[in-house]
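Step one of this worksheet: look at the structure below.
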Amino acid sequence: STAATAQLTDLGEPVSWNGKLDPLTSVAETTMPGFDERVALFEDSLNHLNKVGPFRFGYEYTTNIDMLSQGTWHSLPNGDRICRFILKAPGAYTMNVQFHDFFLPKEARLDMYDAVMTYHHGAYTAANNNPARMLGSDLIPGDAMVIEYYEPAEVAGQGALTIGMVVHGYRDLFSFEKGAARVNESGGCNMDVLCPDGAPWALHKQAVARILNGGG
């Protein structure tokens with residue numbers, strides 16, 4: 001078994017969003033090699049027919065990206081530093097990652113956002129450290145995501161961020177674009193718990209959760 005924590009700390013916008021850093025065009029990046037989406041959708045249709053496995057929305061790339069050695073660093077006047085790295089998956093509705101070596105020292109923070117800096121997820125902090133040293137992120141809309149690590153001077157070199165999986169979301173789970181297939185869409189004879197027929201389940205519906213595990 002492994003321990004995990006999903007709590008995020010509201011520390012406001014990423015530190016780099018203050019406009020004082022170089023634009024993202026100067027940040028190190030890597031692009032996923034691509035996959036055959038037709039094959040993935042065919043496999044999904046068979047799994048759905050045979051009720052095998054969880055709903056799959058994304059293709060999982062196995063990676064070994066040491067962000068803190070491959071990312072672009074920027075030193076701040078007070079000695080603190082920021083490391084940024086961009087992941088791209090052309091054509092993706094969403095992207096998410098799994099860190100297979102994750103450790104944040106005290107007062108450090110990790111943020112993730114889209115390439116146009118309109119959607120932000122974070123901050124992850126030392127509160128998210130766990131014995132397994134693993135962390136899965138939430139979904140970032142679009143086909144490029146920025147990962148930003150802020151490191152105070154007093155904890156320089158203590159963090160670890162190795163990206164072991166990058167997920168190319170080829171299904172639009174959260175309706176970032178209209179008309180895309182989504183998980184658990186109701187059939188014509190299904191009752192919506194938000195309609196009057198669902199009134200007896202008003203309490204129960206609050207216990208429903210969706211858990212992301214890689215691309216499923």
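FYI, the numbering just counts along the sequence from 1. Not measured: the values here are computed from a predicted model.
Closest approach of A92 and H168 over heavy atoms only: CA-NE2, 3.4 Å. Contact detail for G142 and M95: the closest heavy-atom pair is O-CG, 3.6 Å. When all heavy atoms are compared, the tightest approach of H100 to G164 is ND1-CA, 3.5 Å. Contact detail for G159 and P105: the closest heavy-atom pair is CA-CD, 3.7 Å.
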After noting the C-alpha distance and the side-chain angles of V166 and T62, does the key distance pass the side chain to side chain contact (heavy atoms under 4.5 Å, CB included) rule? CA-CA 7 Å; V166 177; T62 299; over 6 Å; no
Report the C-alpha distance between F55 and F57 in whole Å, list the side-chain angles of each, state the deciding distance to 0.1 Å, and finish with yes or no for ring-ring contact (aromatic ring centres under 6.0 Å, His included). CA-CA 7 Å; F55 181 90; F57 68 89; 7.6 Å; no
Do R84 and H74 pass the side chain to side chain contact (heavy atoms under 4.5 Å, CB included) test, and can you show the C-alpha distance, the side-chain angles, and the key distance before you say yes or no? CA-CA 8 Å; R84 293 180 293 173; H74 181 92; 5.5 Å; no
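V167 is not listed as a side-chain neighbour of V97, based on a closest heavy-atom distance of 4.5 Å or more. Two residues are said to be in side-chain contact when any heavy atoms from C-beta on lie closer than 4.5 Å; T94 and I140 fail this criterion. Side-chain contact check for Y149 versus W73: some heavy-atom pair is nearer than 4.5 Å. When side chains are defined from C-beta on, F85 counts as touching M67, because their heavy atoms get closer than 4.5 Å. The closest side-chain heavy-atom distance from N96 to D138 is not below 4.5 Å. Residues R171 and Y93 have side chains not in contact (no heavy-atom distance under 4.5 Å, counting atoms from C-beta outward). Considering only heavy atoms from C-beta on, C83 stays 4.5 Å or farther from T72 through its side chain. A 4.5 Å side-chain heavy-atom check between F42 and D44 finds every atom pair outside the cut-off.
Going from atom CD of E60 over to atom CE of M165 covers 4.0 Å, rounded to the nearest 0.5 Å. Between the CD atom in E43 and the CG atom in D36 there is a gap of 9.0 Å [rounded to 0.5 Å]. To the nearest 0.5 angstrom, E29 atom CD is 9.5 Å from L87 atom CG. Expressed to the nearest 0.5 Å, how far CG of L104 lies from CG of L110 amounts to 6.0 Å. To the nearest 0.5 angstrom, M134 atom CE is 5.5 Å from Q98 atom CD.
Panel note: side chain N129, backbone A126; a donor-acceptor pair is recorded below 3.5 Å. When atom types are taken as modelled, the side chain of N128 and the backbone of Y124 share no donor-acceptor pair closer than 3.5 angstrom. Judged by distance alone, the side chain of T63 and the main-chain N or O of I163 form a donor-acceptor pair under 3.5 Å. Side-chain atoms of N50 do not come within 3.5 Å of backbone N or O of V52 as any donor-acceptor pair.
Side-chain heavy-atom separations under 4.5 angstrom define the hydrophobic clusters, and the remaining members of the one that includes M117 are W17, L24, V27, I86, Y113, V146. Through direct or indirect side-chain contacts shorter than 4.5 Å among Ile, Leu, Val, Met, Phe, Trp and Tyr, L49 is connected to no other residue. In the hydrophobic clustering, where aliphatic and aromatic side chains (Ile, Leu, Val, Met, Phe, Trp, Tyr) are joined below 4.5 Å either directly or transitively, I82 groups with V15, L21, L76, Y150.
Under the rule for a side chain to side chain donor-acceptor pair (under 3.5 Å), the partners of D111 that lie at least two apart in sequence or sit in another chain are R109, H120. For the side chain to side chain contact (heavy atoms under 4.5 Å, CB included) test, residues two or more places apart in sequence or in another chain that qualify with E107 are P152. Every residue meeting the side chain to side chain contact (heavy atoms under 4.5 Å, CB included) condition with K205, not counting sequence neighbours, appears here in chain and number order: V193, L194. Among residues two or more places apart in sequence or in another chain, the side chain to side chain contact (heavy atoms under 4.5 Å, CB included) test is passed with D101 by R133, A160, T162. Partners of A40 according to the side chain to side chain contact (heavy atoms under 4.5 Å, CB included) rule, which considers only residues two or more places apart in sequence or in another chain, are F35, R56, Y170. Not counting sequence neighbours, E13 has no partner by the side chain to side chain donor-acceptor pair (under 3.5 Å) test.
The aromatic rings of Y61 and Y59 sit perpendicular, their planes meeting at an angle over 60°, well past the 30° parallel limit.
Note on residues 68-79: no pairs pass salt bridge (Lys or Arg N to Asp or Glu O under 4.0 Å), not counting sequence neighbours. A salt bridge (Lys or Arg N to Asp or Glu O under 4.0 Å) check over residues 141-153, counting only residues at least two apart or in different chains, returns the pairs R81-E151. Evaluation of the salt bridge (Lys or Arg N to Asp or Glu O under 4.0 Å) test over residues 69-80, restricted to residues two or more places apart or in two chains, returns none.
The environment of I211 atom CD1 is sparse: at most 12 non-hydrogen atoms of other residues, nucleotides or ligands sit within 6.0 angstrom. More than 12 heavy atoms of other residues, nucleotides or ligands shown are found within 6.0 angstrom of CG on N18.
Under the 4.5 Å side-chain heavy-atom criterion for Ile, Leu, Val, Met, Phe, Trp and Tyr, F103 and L68 are members of distinct hydrophobic clusters.
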